[in-house]
Protein chains: 2
Amino acid sequence: MSTGRNEPAPARRTRQRSAVKDGLDRCEGFVSAQELHDRLRRDGQSVGLTTVYRALQALGEGGEVDSLVTDDGETVYRRCSPEHHHHLVCRSCGRTIEIAGPAVETWAHAVASENGFTDISHTLELFGQCGSCTSA
Amino acid sequence: MSTGRNEPAPARRTRQRSAVKDGLDRCEGFVSAQELHDRLRRDGQSVGLTTVYRALQALGEGGEVDSLVTDDGETVYRRCSPEHHHHLVCRSCGRTIEIAGPAVETWAHAVASENGFTDISHTLELFGQCGSCTSA
DNA sequence: GGTGGTTTTGACAATCATTTTCAACAAGCC
DNA sequence: GGCTTGTTGAAAATGATTGTCAAAACCACC
């Protein structure tokens with residue numbers, strides 16, 4: 001109780017957090033916390049699994065990574081641009097393309113107000129087979 | 001090996017499966033397997049939790065119910081119309097409205113082909129605050 | 001370059017939804 | 001009624017994620 005204030009949290013920079021961030025950068029598509037943990041370990045960058053979870057969650061809250069929940073309940077993460085966007089993900093190879101859909105945003109808000117809903121958020125993901133995987 | 005064929009599965013009708021189906025009908029929005037299990041139990045319709053899970057999964061595969069995974073990894077189910085549609089869900093009370101979005105379907109396919117993707121599927125859910133919850 | 005107050009780490013245990021196991025049971029059929 | 005086979009469900013197993021808490025690392029500030 002030195003300052004008398006409730007400062008949010010200084011956010012210290014550590015080897016582990018950098019490793020998680022860098023590891024994520026080296027991934028093509030979405031990865032789960034466990035996959036990333038394995039990958040770091042194989043690279044010799046030993047980081048505790050708990051820490052990977054915490055780092056990813058923090059990055060997610062800070063808007064530096066996107067996260068989504070797969071059908072089988074696993075949360076997967078990916079480095080992303082800070083603007084609002086959606087994804088087009090290849091079912092076979094996991095390659096991911098970021099999509100901006102202004103039309104969809106507009107539509108979503110229109111539909112919502114028609115039904116008396118406010119404070120709208122939405123999830124939208126596209127899945128398919130990318131060109132390389134189709135021709136292969 | 002009596003028939004020599006691989007018949008898919010006769011699908012037997014039982015008290016438990018009917019109870020799950022009826023229970024789901026009596027729900028307003030999405031419910032988790034566990035919530036439904038509790039509800040049935042309170043109604044005196046004792047059905048094992050395992051069975052509730054299995055019944056919901058079967059109904060989902062048969063297209064008779066919609067399921068989606070919440071942010072915290074819980075799968076929730078809801079009786080639905082068989083046509084393709086999306087949802088507008090109230091964050092506070094769970095009230096759910098089915099939405100048809102032909103424009104979105106078209107847009108999704110257009111964006112996909114622009115990027116060389118085929119065999120497209122998509123997930124789209126809207127969340128917000130419904131009128132009743134806002135005024136309350 | 002040391003020191004202290006915090007934050008962060010990570011091995012392990014705990015939690016929680018869901019699935020598997022497997023013996024008892026019930027549906028539909030002769 | 002009896003048979004065959006799909007179904008049930010209690011309990012144990014699984015698997016992702018989170019809580020615990022002592023030890024280690026960070027970052028001013030001397």
Side-chain angles (χ1 to χ4, degrees), chain A residues 1-24 30-62 65 67-78, chain B residues 1-24 30-62 65 67-78:
Chain A
M1 233 186 271
S2 51
T3 65
R5 287 276 195 80
N6 258 15
E7 308 285 337
R12 225 165 252 186
R13 99 183 322 278
T14 67
R15 171 181 68 77
Q16 289 87 340
R17 289 215 248 262
S18 313
V20 168
K21 222 166 162 178
D22 292 351
L24 209 51
F30 283 90
V31 280
S32 69
Q34 316 233 21
E35 279 167 4
L36 186 53
H37 174 249
D38 286 351
R39 200 175 288 223
L40 290 175
R41 175 150 295 186
R42 271 197 294 280
D43 288 358
Q45 299 260 25
S46 184
V47 178
L49 179 56
T50 310
T51 303
V52 174
Y53 273 106
R54 275 189 291 233
L56 286 174
Q57 191 168 310
L59 287 171
E61 283 169 6
V65 307
S67 65
L68 57 87
V69 182
T70 64
D71 291 340
D72 56 318
E74 201 178 27
T75 306
V76 289
Y77 303 85
R78 178 171 178 278
Chain B
M1 232 185 274
S2 52
T3 65
R5 288 277 195 81
N6 257 15
E7 309 284 340
R12 224 167 253 184
R13 102 183 320 280
T14 67
R15 169 181 69 79
Q16 289 87 338
R17 290 217 246 260
S18 313
V20 168
K21 222 167 163 178
D22 292 350
L24 208 50
F30 283 90
V31 279
S32 70
Q34 316 232 22
E35 281 168 0
L36 186 53
H37 174 249
D38 286 351
R39 199 175 290 223
L40 290 174
R41 174 152 296 187
R42 270 197 293 280
D43 288 357
Q45 299 261 24
S46 184
V47 178
L49 178 57
T50 311
T51 303
V52 174
Y53 272 106
R54 274 189 293 235
L56 286 174
Q57 192 167 309
L59 288 170
E61 283 169 7
V65 307
S67 65
L68 58 87
V69 183
T70 62
D71 291 340
D72 57 318
E74 199 178 28
T75 306
V76 289
Y77 303 85
R78 177 171 178 279

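Here is the naming used below: chain letters follow the sequence lines, and residue numbers restart at 1 for every chain.
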* Asked: Do B:Q57 side-chain atoms and B:R54 backbone N/O form a donor-acceptor pair below 3.5 Å?
  -> no

* Asked: Between atom CD in B:Q16 and atom P in D:dA10, what is the gap in whole Å?
  -> 11 Å

* What is the distance, rounded to the nearest whole Å, between atom NE2 of B:H37 and atom P of C:dC16? -> 17 Å

* Give the nucleotide from the list D:dT7, C:dT9, D:dA25 with an atom nearest to the side chain of A:R12. => D:dA25

* Please give, in whole Å, the distance from D:dG6 C1' to B:R17 CZ? -> 8 Å

* **Between C1' of C:dA17 and CD of B:E35, the distance in whole Å** => 12 Å

* **Closest non-hydrogen atom pair between A:R41 and A:V47, with its separation** => NH2-O, 4.4 Å

Using the 3.5 Å cut-off, write out each protein N or O paired with an N or O of nucleotides 16-23 of chain D and the distance between them.
unit_1 : atom_1 : unit_2 : atom_2 : d
D:dA16 : OP2    : A:Q34  : NE2    : 3.4
D:dA16 : O5'    : A:Q34  : NE2    : 3.1
D:dT17 : OP1    : A:T75  : N      : 2.7
D:dT17 : OP1    : A:T75  : OG1    : 3.1
D:dT17 : OP2    : A:Y53  : OH     : 2.7
D:dT18 : OP2    : A:Q57  : OE1    : 3.4

* **B:L68 vs B:T75 side-chain heavy atoms within contact, under 4.5 Å** => no

* **CD-CZ distance between A:Q45 and A:R39, expressed to the nearest 0.5 angstrom** => 13.0 Å

* Round to a whole Å and report the spacing from CG of A:L40 to C1' of C:dG10. => 14 Å

* C:dT8 C1' sits how many Å from A:K21 NZ, rounded? -> 16 Å

* Rounded to the Å, how far apart are B:L56 CG and D:dG9 P? -> 13 Å

* Locate the shortest heavy-atom distance separating A:Q34 from A:Y53; write the atom from each residue and the value. => NE2-OH, 3.2 Å

* Mark yes or no for whether B:R17, through its side chain, and B:R12, through its backbone, hold a donor-acceptor pair below 3.5 Å. => yes

* Could you state the atom-to-atom distance from CG of B:D38 to C1' of C:dC16 in whole Å? => 14 Å

* Taking only the side-chain nitrogens and oxygens of A:T51, find out if one of them lies under 4.0 Å from OP1 or OP2 of C:dG10. => yes

